[in-house]
Amino acid sequence: MPLGDPEGGLFEYTTEGLPESVFAVTVPVSDIGRATEFYSDVLGFSILGEDGPRAYIQRGNCRIILEKSEKAGVDTGIYLEVDSPYNSRRRLIDEGVRFASDPARGPFGTFVSILDPDGNRISLIEGGAGFRLRTSP
């Protein structure tokens with residue numbers, strides 16, 4: 001329940017203070033150097049910096065924090081937008097990337113899942129014009 005206006009007036013919330021988008025996500029990795037190499041050389045992320053157990057990378061509006069952890073090798077639940085998961089798959093096969101799934105249709109569009117060097121699952125999903133929410137009848 002809202003506390004209201006601290007000055008004693010009435011205030012009705014609309015969308016103030018609600019999330020707008022995902023700013024950044026964290027991926028657990030066992031080796032920061034190996035992870036930054038994969039995400040920069042293979043997926044095209046720029047390395048913004050490192051501070052001990054973390055590296056900060058970005059590509060477009062997508063920001064990832066690579067964090068040293070003993071819990072690496074998880075299904076991150078992260079879906080990165082690509083022009084086409086089929087183009088991504090073809091390109092990443094040539095890079096020797098391991099795949100967790102073939103391209104498949106999901107509720108938000110077609111996606112393919114890859115594994116980073118630690119076995120973290122990252123999905124690549126069609127974006128832009130390819131996005132159409134698919135619901136059951």
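Heads up: numbering here begins at 1 and tracks the sequence.
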Which value, rounded to the nearest 0.5 Å, describes the distance between [X] atom [atom1] and [Y] atom [atom2]?
| X | Y | atom1 | atom2 | result |
| --- | --- | --- | --- | --- |
| D118 | T76 | CG | OG1 | 12.0 Å |
| I32 | E37 | CD1 | CD | 13.0 Å |
| D31 | K68 | CG | NZ | 6.0 Å |
| C62 | I78 | SG | CD1 | 7.5 Å |
| I57 | T36 | CD1 | OG1 | 8.0 Å |
| S69 | R54 | OG | CZ | 11.0 Å |

Is any side-chain heavy atom of [Y] closer than 4.5 Å to one of [X]?
| X | Y | answer |
| --- | --- | --- |
| I122 | Y39 | yes |
| L124 | I114 | yes |
| V82 | N87 | no |
| L115 | R121 | yes |
| I47 | Y56 | no |

Check whether [X] reaches the backbone of [Y] with its side chain - one donor and one acceptor, N or O, closer than 3.5 Å.
| X | Y | result |
| --- | --- | --- |
| N120 | P28 | yes |
| S40 | F45 | no |
| E16 | T14 | yes |
| S101 | S113 | yes |
| E126 | T110 | yes |
| Q58 | G60 | yes |

Discussion item. Tell me whether the NZ or CZ atom of R89 lies within the 45° cone about the ring axis of F99 and under 6.0 Å from its centre.
Written reply: yes
Do [X] and [Y] belong together in a cluster built from hydrophobic side chains that touch within less than 4.5 Å?
| X | Y | value |
| --- | --- | --- |
| F23 | V27 | no |
| V22 | I64 | yes |
| V42 | V25 | yes |
| V112 | L92 | yes |

Worksheet entry | Ring centre gap for F111 and Y79 strictly below 6.0 Å | yes
Discussion item. Under the criterion side-chain contact (heavy atoms from CB on, under 4.5 Å), I'd like the reasoning laid out for L66 against T26: C-alpha separation, chi angles, the key distance, then a yes or no.
Written reply: CA-CA 6 Å; L66 301 171; T26 300; over 6 Å; no
Worksheet item: What do you reckon, is CG of N61 surrounded by more than 12 foreign heavy atoms closer than 6.0 Å?
Response: no
Worksheet entry | Contact summary for A55 and E50, nearest pair of heavy atoms | CB-CG, 3.7 Å
Worksheet item: Between D116 and R98, is there a side-chain N and carboxylate O pair less than 4.0 Å apart?
Response: no
